[in-house]
Amino acid sequence: MSVTPFRLPTIPLYKKETIMNLIAKGLRLDGVRTPESPRSVKVEVGVIEKAEGSAHVRLGNTQVIAGVKIDVGTPFRDTPDQGVLTVHAEFVPLASPLFEPGPPDENAIELARVIDRSLREVGAVDLNALAIRPGEKVWIVWVDLYILDHDGNLFDASMLAAMAALLDAKLPYYEEIETGEIVLDRSKSEGPLPVKHRVVTVTLAKIGDYLIVDPDFEEESVADARIVLAFDEQGRIVGAQKTGPGGLTTADLEKAMDLGWRAAEVYFKALDEALAGKTGGS
Amino acid sequence: MAKAQVQLISEEGLRHDGRRPDELRPIRMKVGVLSNADGSALVEFGKTRVIAAVYGPREPIQKYMVLPDRAVLRVRYHMAPFSTSERKSPAPSRREIELSKVIRESLEPVLLPEYFPRTTIDVFIEVLQADGGTRTASVTAASLALADAGIPMKALVGGVAVGKVNGVLVLDVDEVEDSAGEADLPIAAAPDIGLITLFQLNGVLTRDEIRAAVNMALKAIEYIVEKEKEALKAKYEF
């Protein structure tokens, strides 16, 4: 069951008016950004040594860690020759007064599923290259997103973290023993996880008649709706989701695709820089 | 991901069930199909069959679940265990939880919740038979059930999915096209106030394809919403 959020902080009307007046002048509440620019992005990979791949993303004050764990398992019946990619998100209670301990709520599930679809549909991870013994043993790739600090736009920060962690990930070394079992030695590696495409999402918030890129928490709280667009490096749209209680016009959608692609290039650059800083990276 | 190349568009440009790319399946709508609910509707898009019921505005059963200045909308999208080829467990799946959310958010833009502070409006949707496009049929059924319950609305909402099959954009995808297709773009909109209220993309499309798909969907939704108006009027004809 999905319920209208009834525990959100009350935002004074003047705050929304202030935000809208600033946008009309090409400004944002933080005094630095334009409506079209995302916050500063910092991506760092290899932050969790025990994970096969990991990344820490800061998007303004929002912080997300993604960890990639890789195991051996059985494939799905309808895709016996492919590995398995699973994305999960945890909105841990230390990240926001709005998050409660417990199983993932609809927001965490939505976030994980939008990211999962955007990676899956374009074939970001080459699942065909992840069969060890087709039909029997394949690599299972778990992407776990951990929201550490929620200051808005969890989608873009999480997708950046997921993508950076996948690009950072290495397949563990394995040996087939006599019984046919696969034994892993995680201290050694089989080589990088095969990643074919890079994907980022760009979230835009609609506030009154305006669209702004990368809303922070306050901006999200007064927004009518948000649109999340996933882009690959060629600018194709590989996933999308309208989220929030309001609606969008076709003109909004058109503008979102335009502004979205420009912000996507900023995110791709942040990914490149993070991976260039890593020796022996892909 | 490499999808199995199934030929779903014939040489004449027709689809596997004989439809043209921009043709809807046969649609049926009926309101007031349940006696207990304040409003209800049955909607069919081909073999997809969805029933929706509305209770409220009413005092919330969980007393804490209120807003002092407006009504709270609760939506549950649920699939019957017998609605799919393989039995679906009745426990809510992650998919159903996500769809309940996007359906709620597709209805909220047309409601006037400030008319009913401290109440809940409940929308319960059951998919009786799933053959593609269940979420958009659900939005359509929910919109009808809300109107049937006499809840003030700015406009009616209708939904339809556009897919891409063998490189061709097709309207109102069924299950075969959805599982073999390259993209699925479910859209719901309130044409009378010019708002898109549900927008998802599962697949890869260029910006031009998105533009074309949205136009195709919005044209169909105008027709679907006219059908909704007819169904609502039909209840009071004798």
Side-chain angles (χ1 to χ4, degrees), chain A residues 1-8 10 78-79 82 85 88 104-114 116-118 120-128 197 224-225 227-230 232 234-254 257-258 260-261, chain B residues 1-2 62 64-67 70-78 92 94-95 97-111 113 120-122 124 157 179 182-185 187-190 193-207 209-211 214-215 218:
Chain A
M1 184 114 68
S2 175
V3 185
T4 308
F6 53 90
R7 284 183 51 242
L8 290 180
T10 309
D78 52 343
T79 52
Q82 289 183 354
L85 175 73
H88 264 264
D105 69 354
E106 61 177 25
N107 297 301
I109 290 173
E110 179 188 35
L111 174 94
R113 286 178 56 86
V114 169
D116 186 299
R117 288 198 288 266
S118 306
R120 187 177 303 278
E121 288 298 324
V122 72
V125 177
D126 188 2
L127 297 180
N128 291 313
H197 297 281
D224 305 305
I227 174 91
V228 184
L229 296 171
D232 70 0
Q234 297 150 44
R236 291 184 302 175
I237 294 172
V238 300
Q241 181 109 330
K242 181 229 114 183
T243 182
L248 300 165
T249 63
T250 45
D252 292 333
L253 202 59
E254 195 64 42
M257 291 196 285
D258 203 31
W261 173 238
Chain B
M1 192 186 305
Q62 283 115 318
Y64 62 90
M65 213 181 262
V66 288
L67 283 165
R70 60 202 157 100
V72 160
L73 182 66
R74 300 199 302 168
V75 174
R76 187 176 89 141
Y77 162 96
H78 186 246
R94 286 166 65 86
R95 176 178 173 275
I97 292 170
E98 185 200 348
L99 292 194
S100 297
K101 179 177 189 280
V102 296
I103 293 169
R104 171 175 61 77
E105 291 176 339
S106 79
L107 300 168
E108 280 180 329
V110 299
L111 293 178
T120 58
I121 298 170
D122 293 335
F124 301 125
V157 188
S179 43
E182 296 113 69
D184 176 32
L185 186 97
I187 296 185
I193 53 170
L195 281 185
I196 295 168
T197 65
L198 182 152
F199 184 84
Q200 292 183 290
L201 167 62
N202 192 8
V204 180
L205 293 177
T206 64
R207 282 160 71 172
E209 284 171 330
I210 290 197
R211 252 174 234 130
V214 169
N215 285 338
L218 290 180

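The structure displayed is predicted, hence computed values, not measured ones. Residue numbers begin at 1 in each chain, while the letters A, B, ... track the order of the sequences.
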Residue pair Thr4(A), Glu108(B): steps toward the side chain to side chain contact (heavy atoms under 4.5 Å, CB included) verdict:
CA-CA 9 Å; Thr4(A) 308; Glu108(B) 280 180 329; 2.6 Å; yes
Residue part contacting chain B, namely of Asp258(A), when any heavy atom lies under 4.5 Å:
both
Under 3.5 Å donor-acceptor, Lys101(B) side chain and Thr243(A) backbone
no
Would you confirm whether Glu105(B), through its side chain, and Gly244(A), through its main-chain N or O, come within 3.5 Å as a donor-acceptor pair?
yes
For [X], is it the side chain, the backbone, both or neither that has a heavy atom under 4.5 Å from a heavy atom of chain A?
X: Arg104(B); result: side chain
X: Val66(B); result: backbone
X: Arg70(B); result: side chain
X: Tyr64(B); result: both
X: Thr120(B); result: neither
X: Leu73(B); result: both
X: Leu218(B); result: side chain
X: Val72(B); result: both

Which distance, rounded to the nearest 0.5 Å, do you find between the [atom1] of [X] and the [atom2] of [Y]?
X: Ile97(B); Y: Arg113(A); atom1: CD1; atom2: CZ; result: 9.5 Å
X: Arg207(B); Y: Glu254(A); atom1: CZ; atom2: CD; result: 7.0 Å
X: Ile187(B); Y: Leu253(A); atom1: CD1; atom2: CG; result: 7.5 Å
X: Ser2(A); Y: Arg74(B); atom1: OG; atom2: CZ; result: 11.0 Å

Determine whether [X] and [Y] make a side-chain contact, defined as any pair of heavy atoms from C-beta on separated by less than 4.5 Å.
X: Glu98(B); Y: Gln241(A); value: yes
X: Arg211(B); Y: Thr250(A); value: no
X: Val3(A); Y: Met65(B); value: yes
X: Glu110(A); Y: Val102(B); value: yes
X: Ile237(A); Y: Val204(B); value: no

Pick from [options] with the largest number of heavy-atom pairs that fall under 4.5 Å of chain A:
options: Val110(B), Ile210(B), Leu198(B), Val214(B); answer: Ile210(B)
options: Leu185(B), Val75(B), Ile103(B), Leu99(B); answer: Val75(B)
options: Leu205(B), Asp122(B), Thr206(B), Ile196(B); answer: Ile196(B)
options: Ile193(B), Asn215(B), Leu67(B), Asn202(B); answer: Asn202(B)

Of all heavy-atom pairs between Val238(A) and Leu201(B), which one has the smallest distance, and what is that distance?
C-CD2, 4.4 Å
Residues Ala112(A) and Arg94(B): closest non-hydrogen pair is CB-NH2, 3.4 Å
Distance-only donor-acceptor check, side chains Glu106(A) and Ser100(B), under 3.5 Å
no
Top contributor to chain B contacts, counting heavy-atom pairs under 4.5 Å, from Arg7(A), Met257(A), Arg236(A)
Met257(A)
